[in-house]
Amino acid sequence: MKWISFYSKIREWLRFSYAKDYYSASLLNQLIVEDYTYLLEEIKGKEVAIVGAGPSLTSIKEIDADIIISADGATNYLVKKGIIPDIVVTDLDGIEIFPEKSVYVVLAHGDNIDKIQKVKKMKYVIGTCQVMPFGRLKMFGGFTDGDRAVILAKIYGAKKILLYAMDFDSNYIGKFSKPWYDTDVPISWIKREKLKIAKNIVKEALQQSL
Ligand SMILES: Nc1ncnc2c1ncn2[C@@H]1O[C@H](COP(=O)(O)OP(=O)(O)OP(=O)(O)O)[C@@H](O)[C@H]1O
Ligand SMILES: Nc1nc2c(c(=O)[nH]1)N=C(CO)CN2
Ligand SMILES: [Mg+2]
């Protein structure tokens, strides 16, 4: 599988642990009781807006699309503005508000082991991982929450994909990226690397320059 070798390379580059990625996946798998993957079929033929947590997030007042997918921390801003995402793609380190009807595509990885229990606050959970999937876990591909949302929309047949607050070249991490940020934060080395990877994935998925 293409993504398995991709994740191995990323682990090497960013010094993530395979054992921890696997352990996190096993914790998430234990918490998934029902397979809600079929709910993603709603995406087919629709205009899909994908909302990232870049600094431009706070200038969004409304979103015109059939389906809204928020990437992790962006959910907190959208919900506060009265915009409820249909789907949330999250690795659990940004999201704090859990709308009842949203479908959550959750990634288990080695650095969110202490956050896996957050899925207990979500009703419709689809578990994903970055090791060979097992049990009820899936692998759709992509790396960061934002680009995984784009891949998901592609796989499930979105007619059009619109990007919001996906500020890959920004020198700042958006303030909604993490609950403890109260302003946009100057970008770290690792976040820069993550955003470079995300930008490449999105460019390839959408076959357009960004
Ligand atoms: N400048 C930016 N700052 C933060 N997020 C951005 C930016 N530009 C694009 N994004 C997209 O918004 C998504 C959601 O942001 P968030 O920081 O919550 O994600 P994340 O993937 O969990 O990142 P991290 O690994 O830092 O936890 C990112 O995954 C990324 O794809
Ligand atoms: N182990 C590990 N895996 C990840 C991480 C991370 O910080 N650690 N961040 C991601 C998205 O930004 C995706 N995958
Ligand atoms: Mg996150």
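Every number for a ligand or one of its atoms is a count from 1 in the order of the listing.
With 3.5 Å as the limit, one finds no donor-acceptor pair spanning the side chains of Asp145 and Thr90. Judged by distance alone, the side chains of Ser102 and Asp86 never bring a donor and an acceptor atom under 3.5 Å apart.
When side chains are defined from C-beta on, Ile60 does not count as touching Lys81, because their heavy atoms never get closer than 4.5 Å. When side chains are defined from C-beta on, Cys129 does not count as touching Tyr7, because their heavy atoms never get closer than 4.5 Å. Counting heavy atoms from C-beta on, the side chains of Tyr36 and Val125 never come closer than 4.5 Å.
Counting protein heavy atoms only, atom 7 (O) of ligand 2 is closest to Lys194 NZ, 3.0 Å. The protein non-hydrogen atom at the shortest distance from atom 13 (C) of ligand 2 is Phe143 CE1, 3.4 Å. Atom 3 (N) of ligand 2 has its closest protein heavy atom at Gln130 NE2, 2.8 Å.
Protein residues with any heavy atom under 4.0 Å from ligand 1: Gly52, Ala53, Gly54, Pro55, Ala71, Asp72, Gly73, Asp91, Asp93, Thr144, Asp145, Gly146, Asp147, Ala165, Met166, Asp167, Phe168, Ser170, Tyr172, Ile173, Gly174, Ser177, Lys178, Lys191, Lys194, Leu195.
From Ile126, atom CD1 reaches atom CG of Leu137 across 11.5 Å, with rounding to the nearest 0.5 Å.
Rounded to 10°, the angle formed at the Mg ion (ligand 3) by Asp91 OD1 and Asp145 OD2 is 80°. Geometry about the Mg ion (ligand 3) gives an angle of 80° between OD1 of Asp93 and OD2 of Asp72, rounded in steps of 10 degrees.
Geometrically, ligand 2 and Asp111 share a nitrogen or oxygen pair separated by less than 3.5 Å. The N/O atoms of Thr144, backbone and side chain alike, include none that comes under 3.5 Å of an N/O atom in ligand 2.
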### Query
Between Asp182 and Lys175, does a salt bridge (Lys or Arg N to Asp or Glu O under 4.0 Å) hold up when you go through it step by step?
CA-CA 6 Å; Asp182 50 17; Lys175 72 174 199 179; over 6 Å; no
### Task
Kindly determine whether Asp147 and Thr144 satisfy side-chain hydrogen bond (donor to acceptor under 3.5 Å, both in side chains), including the steps that lead there.
CA-CA 6 Å; Asp147 66 85; Thr144 73; 2.6 Å; yes
### Task
Test Glu41 against Lys44 for salt bridge (Lys or Arg N to Asp or Glu O under 4.0 Å), laying out the working first.
CA-CA 6 Å; Glu41 285 159 21; Lys44 197 172 175 67; over 6 Å; no
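In this structure, Lys20 and Ile113 approach most closely via the heavy-atom pair O-CD1, 3.9 Å. Heavy atoms only, all atoms of each residue included: Ile116 and Leu92 are closest at CA-CD1, 3.7 Å.
Across the listed options Asp93, Ile113, Asp91, Leu14, Asp91 owns the non-hydrogen atom lying nearest to atom 10 (C) of ligand 2.
In Asp21, the part holding a heavy atom less than 4.0 Å from any atom of ligand 2 is the side chain. Residue contacts with ligand 2, taken as heavy atom pairs separated by less than 4.0 Å, do not involve Arg11 at all.
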